[in-house]
There are 2 protein chains.
Amino acid sequence: MKIGEIANAAGVTTSRIRFYEKRGIIAPAARGPNGYRDYPEDLIALLRFIEQAQGLGFTLREIASVEVRSGPHPISCAEAIGLLAKKRDAVDALIAEAEERKRRIDSLISELQESQARSED
Amino acid sequence: MKIGEIANAAGVTTSRIRFYEKRGIIAPAARGPNGYRDYPEDLIALLRFIEQAQGLGFTLREIASVEVRSGPHPISCAEAIGLLAKKRDAVDALIAEAEERKRRIDSLISELQESQARSED
DNA sequence: ATAGGGTTTGAACCTAGGTTGAAGGTCAAG
DNA sequence: CTTGACCTTCAACCTAGGTTCAAACCCTAT
């Protein structure tokens, strides 16, 4: 498959695929006699996997480090669970931080509303 | 006060103050006869305000748009409450998104744990 | 043979919020 | 009168994840 075809199939842009290759997130593509990249259908699944992982909050750097090992040494189920658990903790921390922000905003709003009420006496 | 003094007093770097001035977050400083920036003590409070607002999730762009009006037309209490309420909603949305991410991660972990349990039969 | 669509490369651009560095001017103390 | 600590400007660099552009090549249909 040519780059445009696989991009269409996976719902990503061609520039993104080239960018992933440049960054080492995906392996360099095989080339046809004209120099065009030639992809196996498998790559569609990989591209979708990348999008999913990003959606869960994994960075491309993190995804790449898993990808690298999916060749000769695929990551074990236990390892995957470990990575996911770590990411869940990070998301938890993010949520806690955002909730703290929200609390501070709310208390600021209350303060302002009170001072507004007082000024209307 | 010279830039280094005020930076120290407010707990920010000098480069940050110059950056804020360049970006229009703070007004251009008065200059002494030697060309050095000369700040009034008030600016300490403003710099602290900026840090606080950032901590609540406001971007410099948002802070600047409020700052601009704090000269001739300071923003009203009601306006401030409006901005805060809007930001709280944005934080709420962020939290909801993060919680959805967390749910997806958790269900993925459960899936993997089950498949691991099955493979140990 | 020429128009169009797809592909190649590399480099520049974008947001956000700064930091770092170079080259030079200023000021106070010893 | 020199050293060290400040200050000035402007420009380049950084992260993350890409997009956009220019110049050139390839392939197919008319």
Side-chain angles (χ1 to χ4, degrees), chain A residues 1-40 43 46-67 87 90-91 94 97-98 101, chain B residues 1-40 43 46-67 87 90-91 94 97-98 101:
Chain A
M1 298 177 84
K2 284 188 293 186
I3 195 170
E5 292 167 346
I6 203 153
N8 244 322
V12 302
T13 61
T14 57
S15 56
R16 209 157 145 189
I17 295 177
R18 292 195 198 96
F19 172 75
Y20 286 169
E21 182 178 313
K22 197 169 57 182
R23 278 285 192 283
I25 283 91
I26 61 179
R31 299 299 178 117
N34 47 11
Y36 286 15
R37 288 176 178 80
D38 184 18
Y39 292 103
L43 201 69
L46 178 51
L47 289 170
R48 290 200 176 128
F49 168 77
I50 292 172
E51 281 234 272
Q52 280 218 339
Q54 280 188 295
L56 294 179
F58 289 93
T59 66
L60 287 184
R61 190 177 299 263
E62 290 169 332
I63 294 168
S65 75
V66 168
E67 275 318 304
K87 184 55 68 177
V91 173
L94 200 112
E97 209 181 309
R101 262 212 304 278
Chain B
M1 296 178 86
K2 285 188 293 184
I3 195 169
E5 292 167 345
I6 202 152
N8 243 323
V12 303
T13 61
T14 57
S15 57
R16 208 157 145 188
I17 295 177
R18 293 196 197 96
F19 172 75
Y20 286 169
E21 181 178 313
K22 197 171 58 182
R23 275 285 191 283
I25 282 89
I26 62 179
R31 298 300 178 115
N34 46 12
Y36 286 15
R37 287 177 179 80
D38 183 20
Y39 293 103
L43 202 70
L46 178 49
L47 289 170
R48 289 200 178 129
F49 169 76
I50 292 172
E51 280 233 274
Q52 280 218 340
Q54 280 188 295
L56 293 179
F58 289 92
T59 65
L60 288 184
R61 191 178 297 263
E62 289 168 333
I63 294 167
S65 74
V66 168
E67 276 318 304
K87 183 56 66 178
V91 173
L94 201 112
E97 210 181 308
R101 260 213 303 281

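As a basis for the values below, the full set of heavy atoms in this structure was taken, side chains included, without hydrogen atoms, waters or symmetry mates. Chain letters run A, B, ... following the sequence lines, proteins first, then strands; residues in each count from 1.
- Checking D:dG18, C:dG18, D:dT8 against the side-chain heavy atoms of B:Tyr36 singles out D:dT8 as nearest.
- In this structure, A:Lys22 places its NZ atom 11 Å from C1' of D:dG17, rounding to the nearest Å.
- A cation-pi contact, defined as under 6.0 Å to the ring centre and within 45° of the axis, is absent between B:Lys2 and B:Tyr39.
- Atom CD in A:Glu21 sits roughly 13 Å away from atom C1' in C:dT7 (whole-Å rounding).
- The side chain of B:Thr13 lies closest to C:dT19, out of D:dT19, D:dG18, C:dT19.
- Nearer the 5' end of DNA chain D, as judged by each residue's closest nucleotide, is the contact made by B:Asp38, out of A:Phe19 and B:Asp38.
- Comparing C:dT8, C:dA16, D:dG17 by their nearest atom to the side chain of B:Arg61 picks out C:dA16.
- A:Arg18 comes within 4.0 angstrom of a base, heavy atoms only.
- Checking D:dG18, D:dT8, C:dT7 against the side-chain heavy atoms of B:Arg31 singles out D:dT8 as nearest.
- When rounded to the nearest whole Å, the span between CG of B:Asn34 and P of D:dC7 equals 10 Å.
- Under a 4.0 Å N-O distance rule, the pair B:Arg16/B:Glu51 qualifies as a salt bridge.
- A sub-4.0 Å separation between OP1 or OP2 of C:dG18 and a side-chain N or O of B:Gln54 is present.
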